[in-house]
J.: 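Got a structure for you, written out below as structure tokens; questions coming shortly.
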Number of protein chains: 2
Amino acid sequence: MNPSTANIEEAILSAILAGRIPPGTRLGEQKLADLFGVSRTRVREAMMRLETRGIVQVSARRGWFVVEPSAEEAREAFQTRRVIETGLLQTVREVPPEVLASLKEHVAIERQAIETGDVSSRACLLGDFHIHLADALGNRLLTEIIRDLTARTTLISMLYQPTEKAEESSHDHEDIVAAMAAGDLAAAARLMDEHIGKVEAGLDLSSKPDPLASLRELLVPSTFTDVAPSMPHPHGTAAPHAHHHPSTKED
Amino acid sequence: MNPSTANIEEAILSAILAGRIPPGTRLGEQKLADLFGVSRTRVREAMMRLETRGIVQVSARRGWFVVEPSAEEAREAFQTRRVIETGLLQTVREVPPEVLASLKEHVAIERQAIETGDVSSRACLLGDFHIHLADALGNRLLTEIIRDLTARTTLISMLYQPTEKAEESSHDHEDIVAAMAAGDLAAAARLMDEHIGKVEAGLDLSSKPDPLASLRELLVPSTFTDVAPSMPHPHGTAAPHAHHHPSTKED
DNA sequence: CTTGACAGTCTTGTATACAAGATTGTGAGC
DNA sequence: GCTCACAATCTTGTATACAAGACTGTCAAG
């Protein structure tokens, strides 16, 4: 079967959100075309769509890159999420019981993934909570918007090396749902505001985004960073230029 | 000079928002390409971008069409606007004086356009108020989102034959700014909610969107409808099929 | 006169070819 | 050894060619 433009778009997006393609990665049209078994045309279309969604950027005649939002843009993304998500909770009059049940179930799944230590799906699930919320309380249009915004902040979290407090986030989610269950939407909105604020505060936005993040991802597998505490790689310092791990080399 | 993809995108969008291209209009790639003096490729890119922004839609091998949102989608668009715009006003702590001044000036321009009877720019200005607000109080990302949403609701207004209460809308805007000036953001948010509600209520969402809107626009110039009250053309009736006005025929 | 099949035309979907610019590697000059 | 110019290579930007499907109009049959 031939992957359609939408398939390609979705495949790339989910790969990015799952952390398999870190911010700053170059995405060559030809390589992707070969990979998907189609011509550059379709890949280009998918990239174009992802560009309008704020996921990738094109640098003229250099290639497509996964966006690396600046600190300013990061703040904008979080502010926007605060505006919309608190707005949603404050607009809603009452929460149907099946929505509550569904949200509670989602939080339960979150906790389970955290306890199991399933790191890969963890980040996805935490973002999904907000999408789930928009879907249940709002409408498709709003959900789309929040999905793209969440994608953006997820990307930002990868870029600014957050203090990964998955457990705390999940707890926040639980509190928000509890407030909703109590019928106190205003409180839920306040909790949501604080929650997003905490996530943002957990980032080090004063630091420049690490321009070598993608290289490091490729060259320095997690086993290395875990094992070698003598090299805490502060953001701007030289990367290991000559060494490259053979098994991660791709071409 | 060669219009870039962004130029084409903007040109088409503004033509739509100015009402020169009504909802449901078919936009042929080749025609647009000839018009802009470029190849289909660039036009296609622009259309693709507009599609992800929810402005046009492609029907397989039939062509691109300016979207005609369903009643359901219309409600979603207005709900989304309510969520975001009230959310914005409630998130903001205080309004800088220069922002107030700028907004007041905008409202003044609105009133002037209404008094002058400048119909063409009127709708644009009324939508611009909300975009201006987002720009002044929020950030670029939020502004982009609201711009697209406003575009969508503007399109919806065209489609569902609103009771065009430009003066009332402008008055609402004035009230909102007044509440902001008084420092009562909660009141401003409430007024905004009511304002958007009024605009939505002014539409006849129970009626199916007129599938002949675009034809009528082309075949029955306003002079005709003004002169011939004997044909009030209720939404579903037969359109003049065999007759076509020679001067509006295009090929 | 109405209805249905069919061919012709038109329009998008997709691939490919070529042009233009960016990057990288090489070698000469100092 | 270091720097700068230049050529080779690679990648996107744009146009064009062709294929596939949708629509329209014609013509024959009833």
Side-chain angles (χ1 to χ4, degrees), chain A residues 1-12 21 24-52 55-68 211-212 214-215 218 239 241-242 244 249-251, chain B residues 1-12 21 24-52 55-68 211-212 214-215 218-219 238-244 249-251:
Chain A
M1 68 162 223
N2 236 2
S4 74
T5 301
N7 292 148
I8 298 173
E9 187 181 349
E10 203 49 44
I12 294 177
I21 308 179
T25 306
R26 197 181 91 91
L27 299 170
E29 290 182 6
Q30 191 59 57
K31 272 192 185 171
L32 290 173
D34 294 344
L35 186 64
F36 287 106
V38 297
S39 87
R40 273 178 52 212
T41 308
R42 279 209 219 165
V43 172
R44 234 180 122 70
E45 280 183 8
M47 300 308 281
M48 215 79 81
R49 286 186 139 92
L50 287 175
E51 191 183 29
T52 69
I55 306 296
V56 303
Q57 253 180 333
V58 64
S59 175
R61 264 167 247 274
R62 276 172 31 79
W64 297 88
F65 296 84
V66 181
V67 291
E68 297 182 282
L212 304 167
S214 54
L215 265 183
L218 290 172
H241 204 281
H244 60 283
K249 184 163 178 278
E250 64 153 18
D251 60 331
Chain B
M1 64 160 226
N2 236 3
S4 74
T5 300
N7 292 147
I8 297 173
E9 187 180 351
E10 203 48 44
I12 294 176
I21 307 178
T25 306
R26 198 181 89 89
L27 299 170
E29 290 181 5
Q30 191 59 59
K31 273 192 186 171
L32 291 172
D34 294 344
L35 185 65
F36 287 107
V38 297
S39 89
R40 273 177 55 214
T41 309
R42 279 207 218 166
V43 173
R44 233 179 123 70
E45 280 183 8
M47 301 306 282
M48 215 79 82
R49 287 186 139 92
L50 286 175
E51 192 183 28
T52 68
I55 306 298
V56 302
Q57 252 181 332
V58 65
S59 174
R61 264 167 246 274
R62 277 174 27 82
W64 298 88
F65 296 85
V66 180
V67 292
E68 297 182 282
L212 304 166
S214 53
L215 265 183
L218 290 172
L219 301 178
H241 203 279
H243 309 87
H244 59 281
K249 185 164 179 278
E250 60 154 17
D251 58 331

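First the proteins, then the strands, lettered A, B, ... as listed; each starts at 1.
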J.: For A:Ala46 versus A:Glu9, what's the shortest heavy-atom pair and its separation?
T.: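 In this case the closest contact between A:Ala46 and A:Glu9 is CB-N, 3.9 Å.
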
J.: In whole Å, I'd like the distance from the CZ atom of A:Arg44 to the C1' atom of D:dT11.
T.: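 After rounding, the gap between these two atoms is 10 Å.
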
J.: Supply the atom-to-atom distance B:Arg49 CZ to B:Ile12 CD1, rounded to the nearest 0.5 angstrom.
T.: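 Going from CZ on B:Arg49 over to CD1 on B:Ile12, the span is 12.5 Å.
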
J.: Please compare B:Gly28 and A:Arg61 by the position of their nearest nucleotide in DNA chain C and report the one closer to 5'.
T.: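 Closest to the 5' end, via its nearest nucleotide, is B:Gly28.
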
J.: Partners of A:Glu45 by salt bridge (charged side-chain N to carboxylate O under 4.0 Å, His left out), sequence neighbours excluded?
T.: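 Listed in chain order: B:Arg44.
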
J.: If you take all heavy atoms of A:Arg26 and A:Gly63, which pair is closest and at what distance?
T.: NH1-CA, 3.8 Å

J.: Nearest whole Å is fine: how far is D:dC10 C1' from A:Trp64 CH2?
T.: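 It works out to 17 Å between those atoms.
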
J.: What's the separation between atom CD1 in B:Ile55 and atom CD1 in B:Ile21, rounded to the nearest 0.5 Å?
T.: 11.5 Å

J.: Both A:Val38 and B:Gln30 contact DNA chain C. Taking the nearest nucleotide for each, which residue is further toward the 5' end?
T.: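 Comparing both residues, the 5'-ward one is B:Gln30.
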
J.: Taking any atom under 4.0 angstrom from a heavy atom of chain A, which nucleotides of DNA chain C are the first and last to qualify, 5' to 3'?
T.: C:dT14 to C:dT23

J.: Given A:Met47, which of A:Thr5, A:Val56, A:Ile8 fulfils the side-chain contact (heavy atoms from CB on, under 4.5 Å) condition?
T.: A:Val56

J.: Which part of the nucleic acid, if any, lies within contact of A:Arg40, taking any heavy atom under 4.0 Å across all strands shown: a base, the sugar-phosphate backbone alone, or nothing?
T.: base

